[in-house]
Amino acid sequence: MSDDVIWHCIRHNHCSFMAKIETGIFCRNPYNATGICNRSSCPLANSRYATIRDHDGVFYLYMKTAERAHLPKKLWERVKLPRNYEKAMEIINKHLEFWPKLLVHKIKQRLTKMTQYRIRMRRLQLKVREKIMTVPRKKTQRDLRRLDKAEKAAQLDKSIESELKERLRKGVYGEIYNFPFKQFDTILDMEKDDLAPEIEEEEEGEIEYVEGDDIEMGDMDDMEDFEGFGDEDDILLDKMVTQYSSANCQSNLHKNIK
Amino acid sequence: MATTARPLVSVKALDGDMATDAAGVPMPHVMKAPIRPDVITFVHRLVSCNSRQPYAVSRKAGHQTSAESWGTGRAVSRIPRVGGGGTHRAGQGAFGNMCRGGRMFAPTRIWRKWHRRVNVRLRRVAVASALAATAVPAIVTARGHRIESVPEFPLVVSDSAEGIEKTAQAIKVLKQLGAYADAEKAKQSVGIRPGKGKMRNRRYINRKGPLIVYGTEGSKIVKAFRNLPGVDVANVERLNLLDLAPGGHLGRFVIWTESAFKKLDEVYGSFEASSSKKKGFVLPRPKMTNADLGRLINSDEVQSVVKPINKEVKRREARKNPLKNAAAVLKLNPYFGTARRMAVLAEAARVKARKEKINSKRTKLSEEASKIKAAGKAWYQTMISDSDYTEFDVFSKWLGVSQ
């Protein structure tokens, strides 16, 4: 099948090596020379393709041609590249002499980048690098929770208070408060025994004078008897009503207290 | 197109086979069918519907009450309410999709159309296309199968494979063929499905491994490969699109037995001859026999007839207004040039003639009189310049005027 058909199937249908990220479309195929998902960079859609791959610091030039497309096991031809950058370039030129210029250029760029990072990696190996050890999140969260609980359980305020009091009693602070400690202690002991509060509220024997309108009438039945008296002396009636009501109220108050 | 020599596919011999010098099996015509991902997506989607089981809510759900609306005038909404009393349910809304315990909106029914019909020819074309895709190693790799160690594509195995009975032997065979990597990938990918499918008898999922296609009916091979996760077995005469393009994605890794491979021509026919098994079915023709556009454009036949590239870009000329621009008028009216010239000359002549006429009619001043006049004019000029305050520096500063 022609490359164009294959590319159409791959790009517009499905390719398992395609990785779409917000910054662009990438190819995770290990034989891709640039890493980008592209018509010219796809190792599957180009029957004639070449890459450089790295095995344990040794670079190999991989080439494939259309003649071997139906033999997956023998598809990629491998050439070991020397460590020297210039010599490697020469070898690439020799093998890819009649190949399309674009591909050769990309491969050379790849070789350059790989040599650079190889140098960097080897330099880094000589240095001591700190290794980041990860702690499972469960553990850290658990410890934090336990920290909180321990703090609460310790009741620091209370213990500090009692400790300070003890020190005060012993006289560590040297008479900053002038307490007669012994008398203070005896009174405290006495108070523990008695328990009853001495102050009482007294209401008996006191007459409270309140305005008639503000009072809640507890017994509505009483008021009904006086409805017939409305024709006679109103003033007298009012007085009686107020007196009676106040008396009523007093009795009510007494009732409430008892 | 049919007269091109068909490539030969060699048959892999398994261990224990007698060495044969067979040249190989010619590639069946199906493998040259046009690859049509659009047809396959379409058919796959429809055909996937055909194994569905209906689902629906109960017919009676939400209606098993004798609720009636209270109507207006009771300061409540008019939704039907459950009658009776003495229970929480009394007076609650019923029947509506918005009510608690009511029927849902548009209750799902079992008479929904679950299955889809696809034209017979379309189905066959899809299968032929999918088969063609299985012969292209690039597409199979793109689908995700691990075929790096497979010696040849398409992979055809001798018929002794159809006699395999034990799964252990089946695994050995896969390892010999270099196909075990794919089967292993499928085995290691077994996991529990996320979602509710777990509790609906679809608990485990795994990747697809190779598809083994055999030719003779009743082969033991089915049982041998049956238990391997991800590995499917199929008879040539009953190839399923859902197996050849799982998920609608082309290019399943297929392992053929020799008899199956030979039978393909019978089952699917060729581009001219119709198939013997599928009545009247002829393989679909591609729209282009050679789809390699790059090759076509750069071929000698095309390049020799093509015009050279024109790099210069011709842009439109800006339109000039003939009422204002003389050159524009000249383009439209060639006589304009001469007419204009003649008019100009005529005007100049006229002016001149007029001047002379006036001069001739004017009384000529005597010489003395003209001298006096000239002197008077000169004096006037000096008077103006004398009274020109701006000449004096002080005044110019005061006036703020510059000469």
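Residue numbers start from 1 in every chain, and the chains themselves are labelled A, B, ... in the order their sequence lines are given, proteins ahead of strands.
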Is the shortest heavy-atom distance from the side chain of [X] to the side chain of [Y] under 4.5 Å?
X	Y	value
L126(A)	R122(A)	no
F261(B)	P154(B)	yes
L96(A)	L103(A)	no
E90(A)	K94(A)	no
V302(B)	L296(B)	no
M114(A)	I52(A)	yes

Short donor-acceptor separations (under 3.5 Å), chain A to chain B:
| from | atom 1 | to | atom 2 | distance (Å) |
| --- | --- | --- | --- | --- |
| D4(A) | OD2 | L293(B) | N | 3.3 |
| S16(A) | N | A142(B) | O | 2.7 |
| S16(A) | OG | A142(B) | O | 2.9 |
| H70(A) | O | F153(B) | N | 2.8 |
| K73(A) | N | V150(B) | O | 3.0 |

Heavy-atom pair count under 4.5 Å with chain B, highest-scoring of I6(A), V5(A), L44(A): L44(A)
Most contacts with chain A, counted as non-hydrogen pairs under 4.5 angstrom, among G178(B), A135(B), P151(B): P151(B)
Options A132(B), P137(B), P34(B), A133(B), ranked by heavy-atom pairs under 4.5 Å with chain A, top entry: P137(B)
Closest non-hydrogen atom pair between A142(B) and I10(A), with its separation: CB-CG1, 3.9 Å
Portion of A69(A) that has a non-hydrogen atom of chain B nearer than 4.5 angstrom: backbone
Salt bridge (Lys or Arg N to Asp or Glu O under 4.0 Å) pairs, two or more places apart, involving residues 96-114 of chain A: none
